[in-house]
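This report refers to the structure that appears directly beneath it.
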Amino acid sequence: MEIKIATWNVNSVRARLPVIIRWLNKEQPDVLCMQELKATNEQFPFDVFENLGYHCQVNGQVRWNGVAIISRLPISDVETDLSGFLPEQKRMISASVHGIKLINVYVPNGGEVSNPRFQEKLEYYQVLRNYALKFNKPTIILGDFNVAPNDIDTHSPEEQNGSICFHPLEREEINLFHSAGFTDVFRKLHDDEKAFTWWDYRAASFRRNRGMRLDLVLVNKAAENLITSCVIDKAPREWEKPSDHTPVIFVFKVSE
DNA sequence: ATGGCCGGGAAGCCCGGA
């Protein structure tokens, strides 16, 4: 049996609802992890997704942030507390689906490198890593990491080096995930493909393909060899009223 | 060749995003 899982920063679940529905109908994922809901739990359109056959687990807040897991398979062991870190910012929801631990994250952007929020962003990676290491089962951290890990993951590495989402200190945090046993599965399966998941709304960035690969799927050793594919679906970035991010889809093979 | 956006909540602007 194969489970099709996706991650997508939708940039407002309410503004994006027609695009999300169209995409679910096209791709038929078993699980979709969403970030940047920009909605409270009360504002989340449960009925729409439930009518499409999805159970919904939501960690929302007013105006900013917010994450959700929707799944056609049963969801259990839901957690929304990331070790007590930044409790007022709803950026994480984890759950078990068919024996797999999914940790859905929206890492802080950090503002500018000079901003105090940048240090908070660096700390977020460390807290997330320690949180992920506590699960003794196939574990997948997926979502918007707000960093392009390497030169190949951004449009102009020389010009962007040191700026937000491509700072050496941020990229080093991704290396520390690797040291902790987590593999960037898209990069493992496509070692020389320059592919992006985000393009700025401004400056015709999508048409000029000035993007970054900010949305990652990191898997531990117990999960690594069970993933048979991982692709970036650029299609919904071309649709009317798109998110500035596009989905990353992977397939997980399970027994029975 | 170049680059001028988008969303929410409160209010007719501001903050945040990356």
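Please read these numbers as outputs of a predicted model, since none were measured by experiment. Letters A, B, ... are given to chains in the order of the sequence lines, protein chains preceding strands, and every chain is numbered from 1.
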Give, ordered by number, those residues of residues 204-211 of chain A having at least one heavy-atom distance below 4.0 Å to an atom of DNA chain B; if nothing qualifies, reply none.
Ala204(A), Arg207(A), Arg208(A)

Can you tell me how far [atom1] in [N] sits from the matching atom in [M], rounded to whole Å?
| N | M | atom1 | value |
| --- | --- | --- | --- |
| dG7(B) | dA11(B) | C1' | 15 Å |
| dA10(B) | dC6(B) | P | 23 Å |
| dC13(B) | dA18(B) | P | 25 Å |

Salt-bridge test for Asp153(A) and Arg171(A): reply yes if a basic N is under 4.0 Å from a carboxylate O, no otherwise.
no

Examine the side chains of Gln43(A) and Thr40(A) and answer whether a donor and an acceptor come within less than 3.5 Å of each other.
yes

Centroid-to-centroid, Trp23(A) to Trp239(A), below 6.0 Å?
no

So, using side-chain hydrogen bond (donor to acceptor under 3.5 Å, both in side chains) as the criterion, who are the partners of Asn136(A) when residues are at least two apart?
none

Sequence-aligned protein contact record of nucleotides 9-18 of chain B, with B where the base is within under 4.0 Å of a protein heavy atom and S where only the sugar-phosphate is
B----BBBBB

Separation of Leu218(A) CG from Ile141(A) CD1 (nearest 0.5 Å):
5.5 Å

Connected hydrophobic set around Trp199(A), excluding itself, where side chains approach under 4.5 Å:
Phe196(A), Phe206(A)

Which residues pass the side chain to side chain contact (heavy atoms under 4.5 Å, CB included) test with Arg16(A), sequence neighbours left out?
Val10(A), Asn11(A), Val19(A), Ile20(A), Tyr201(A), Lys241(A), Ser243(A)

The complete set of side-chain hydrogen bond (donor to acceptor under 3.5 Å, both in side chains) pairs with one or both residues in residues 110-124 of chain A, sequence neighbours excluded, reads Lys121(A)-Glu170(A)

